J.: 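I'd like to ask some things about the structure below.
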Amino acid sequence: MPRVAALYRHPIKGFTPERLDELTIQSDGRVAGDRVLAFRFADAAQPEQRDGLDYWPKSKGLALESFPTLAALQVSYDHVARRVRVTYDDTLLVDVVLDADGREELTEIMTAFVLDSPEWKLLQREGRLPLVLVGDGEHARFQDRSKGFVTLHSTASVDAVGDVLGQELDHRRFRSNVVIDGADAWDELAWTGEVRIGDVRFTAEGPIVRCLAPHANPDTGIRDARILTALTRDIGLPEPTLGRLLLLQDVSGAVGDTGGSGGVIRVGDEVTVC
């Protein structure tokens, strides 16, 4: 029986996640405290629309696919106190409450960090500065897809990629909320119908097609693993897919939808595919 091996949330879109023992799945199907903040380019501070829902394409803000050095930042978030703490190489960069002054300080420090990184030239393009910190720190809204989704992959699938590359891969590279063990490699790609994690019921949606983000080492921020070519050329998948999207039953995916029966999922919970 597959079980939950690890749980993650990403308070700031595009930054390395924090590992938790449990996650709260809100009634709109999103993880509480997950991607509640994002740094957007100056000309992309308002959402686009896709399928009638707000959509925030990661290509128009700070994200690992273009800014791999961000992976080396460690973020912790107290969503009750709305307090963000960011460290780099064991050095505290910022620790602020998300009031007006705290948001300004956080934005200034993160802008300076990127401008001092190897990707600094990307911020020199027209329309990118000043960066804009969006999100209220409460509502999860900056997932890669307009419906949000909870994301899941298995340890066996990541191990299979690591075997091809001859290196051990950290699960944080793949930016999933849920990591499971007890399943064979690639089993999750074939899931259909209901998926139950503990007492929370989801519907299996599409597989996750990967971008360059997993190439970045979550400790160093250096691209040191050729994940995409391993998935397609070496393993033979038609697309560089790893992991599954899960949509809470009875929700539309809109931020704040109260139609679903959320709940808490925990490390050790059984995962049942019906």
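Because the structure is predicted, anything quoted here is derived from the model rather than measured. Sequence positions, counted from 1, serve as the residue numbers for this chain.
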J.: Is it the case that atom OH in Y55 sees more than 12 heavy atoms from other parts of the structure closer than 6.0 Å?
T.: yes

J.: Look at atom CD of E168 and say whether more than 12 heavy atoms of other residues, nucleotides or ligands are closer to it than 6.0 Å.
T.: no

J.: Work out which heavy atom in S27 is nearest to a heavy atom in V251; give both atom names and the distance.
T.: O-CG1, 3.0 Å

J.: List the steps and the verdict of side-chain contact (heavy atoms from CB on, under 4.5 Å) for V273 and T192.
T.: CA-CA 8 Å; V273 182; T192 60; over 6 Å; no

J.: Within a strict 4.5 Å, meaning less than it, do heavy atoms of the T155 and H171 side chains meet?
T.: yes

J.: Is there a path from V36 to V94 through hydrophobic residues (I, L, V, M, F, W, Y) whose side chains come within less than 4.5 Å of each other?
T.: yes

J.: Donor-acceptor pair, D116 side chain versus F113 backbone, under 3.5 Å?
T.: no

J.: Please list, chain by chain and in numerical order, all residues satisfying salt bridge (charged side-chain N to carboxylate O under 4.0 Å, His left out) with R173, sequence neighbours excluded.
T.: D224

J.: Can a donor-acceptor pair be found, under 3.5 Å and without considering hydrogens, that links the side chain of T151 to the backbone of N177?
T.: yes

J.: Counting N and O atoms only, with roles assigned by atom type, does the side chain of R196 sit under 3.5 Å from a partner on the main chain of V200, one being a donor and the other an acceptor?
T.: no

J.: Under 4.0 Å between a side-chain nitrogen and a carboxylate oxygen: does that hold for R226 and D234?
T.: yes

J.: Do E119 and S66 come close enough that some side-chain heavy atom pair is under 4.5 Å?
T.: no

J.: With side-chain contact (heavy atoms from CB on, under 4.5 Å) as the criterion, how do R35 and D144 come out once you've worked through the C-alpha distance, each side chain's angles and the decisive distance to 0.1 Å?
T.: CA-CA 10 Å; R35 293 151 169 118; D144 286 343; 5.7 Å; no

J.: Should we say atom NZ of K147 is surrounded by more than 12 heavy atoms from elsewhere, each under 6.0 Å from it?
T.: no

J.: Return the minimal non-hydrogen interatomic distance between A72 and D219, and the atom names on each side.
T.: CB-O, 3.6 Å

J.: Please round to the nearest 0.5 Å and tell me the distance separating atom CD of Q46 and atom NZ of K60.
T.: 12.5 Å

J.: State, yes or no, whether a side-chain contact exists between I25 and V150 at a heavy-atom distance under 4.5 Å.
T.: yes

J.: Minimum heavy-atom separation for E138 and D136, please, with both atom names.
T.: N-OD1, 2.8 Å

J.: Under 3.5 Å, side chain of T87 to main-chain N/O of D90, donor-acceptor pair present?
T.: no

J.: Hey, any chance L115 and V132 share a hydrophobic cluster, counting ILVMFWY side chains that come within less than 4.5 Å of each other, even indirectly?
T.: no

J.: I want to check something: taking the side chain as every heavy atom from C-beta on, are L62 and F67 in contact at a cut-off of under 4.5 Å?
T.: yes

J.: Quick check for you: to the nearest 0.5 Å, what is the distance between F202 atom CZ and C274 atom SG?
T.: 12.5 Å

J.: Please report the interatomic distance OG1(T107) to CE(M110), rounded to the nearest 0.5 Å.
T.: 9.0 Å

J.: Nearest 0.5 angstrom please: F149 CZ to L247 CG, how far?
T.: 5.5 Å

J.: Between the main-chain N or O of H10 and the side-chain N or O of Y77, is there a donor-acceptor pair closer than 3.5 Å?
T.: no

J.: Within a strict 4.5 Å, meaning less than it, do heavy atoms of the R9 and P17 side chains meet?
T.: no

J.: Should V4 and I197 be marked as a side-chain contact (heavy atoms from CB on, under 4.5 Å) after you check the CA-CA gap, both sets of side-chain angles, and the distance that decides it?
T.: CA-CA 8 Å; V4 175; I197 303 178; 3.7 Å; yes

J.: Nearest 0.5 Å, please: how far is OG in S146 from CD in E48?
T.: 11.0 Å

J.: Can you name the nearest heavy-atom pair linking A45 to R40, along with the distance?
T.: CA-CB, 4.3 Å

J.: Flag the pair E205 and R244 as a salt bridge only when some basic side-chain nitrogen lies within less than 4.0 angstrom of an acidic carboxylate oxygen.
T.: no

J.: Say whether, by atom type as modelled, one donor and one acceptor occur between the side chain of D181 and the main chain of A5 under 3.5 angstrom.
T.: no

J.: Please check if V134 and L123 belong to a single hydrophobic cluster, counting links between Ile, Leu, Val, Met, Phe, Trp and Tyr side chain heavy atoms closer than 4.5 Å.
T.: no

J.: Tell me, do Y8 and L23 make a side-chain contact under 4.5 Å, heavy atoms counted?
T.: no

J.: Please report the closest heavy-atom contact between H215 and A225, naming both atoms and the distance.
T.: CG-O, 3.2 Å

J.: Without swapping roles, check the side chain of S157 against the backbone of H153 for a donor-acceptor pair under 3.5 Å.
T.: no

J.: Does V271 belong to the same Ile/Leu/Val/Met/Phe/Trp/Tyr cluster as V179, with side-chain heavy atoms less than 4.5 Å apart forming each link?
T.: no

J.: Do the non-hydrogen side-chain atoms of Q26 and D34 ever get within less than 4.5 Å of each other?
T.: no

J.: Can you name the nearest heavy-atom pair linking V195 to A204, along with the distance?
T.: CG2-CB, 3.9 Å

J.: Using atom types as modelled and distance alone, determine if a side-chain donor or acceptor of N217 lies under 3.5 Å from a backbone N or O of T220.
T.: yes

J.: Could you go through the side-chain contact (heavy atoms from CB on, under 4.5 Å) check for L246 and T203 one step at a time?
T.: CA-CA 6 Å; L246 303 178; T203 300; over 6 Å; no

J.: To the nearest 0.5 Å, what is the distance between CZ on R125 and CG on D43?
T.: 12.0 Å

J.: Without placing hydrogens or testing angles, list every side-chain donor-acceptor pair under 3.5 Å for residues 96-106, not counting sequence neighbours.
T.:
residue : atom : partner : partner atom : Å
D99     : OD1  : D101    : N            : 3.3
D99     : OD1  : G102    : N            : 2.7
R103    : NH1  : G135    : O            : 2.8
R103    : NH2  : L133    : O            : 2.9
R103    : NH2  : G135    : O            : 3.0

J.: In the hydrophobic clustering (ILVMFWY, side-chain contacts below 4.5 Å, transitive), which residues join L231, or is it alone?
T.: V158, V161, V164, L165, L169, F174, W186, L189, I227, I235, L237, L242

J.: What residues, two or more places apart in sequence or in another chain, satisfy side-chain contact (heavy atoms from CB on, under 4.5 Å) together with D95?
T.: R83, R85, L92

J.: More than 12 foreign heavy atoms under 6.0 Å from CD of E126: is that the case here?
T.: no

J.: Are the side chain of E188 and the backbone N or O of S154 linked by a donor-acceptor pair below 3.5 Å?
T.: yes

J.: Applying the 4.5 Å side-chain criterion to the ILVMFWY set and letting contacts propagate, would I109 and Y88 be lumped into a single cluster?
T.: yes

J.: Are there over 12 heavy-atom neighbours, none belonging to R50, within less than 6.0 Å of that residue's CZ?
T.: no

J.: Measure the shortest side-chain to side-chain distance between R172 and E18 over non-hydrogen atoms and say whether it is less than 4.5 angstrom.
T.: no

J.: Please give the remaining members of the hydrophobic cluster of M1, linking ILVMFWY side chains under 4.5 Å, ordered by chain and number.
T.: none

J.: For residues 116-148, which residue pairs qualify under ring pair (Phe, Tyr, Trp, His ring centres under 6.0 Å), counting only residues two or more places apart or in two chains?
T.: W56-F142

J.: Could you tell me whether the side chains of T16 and Q74 share a donor-acceptor contact shorter than 3.5 Å?
T.: no

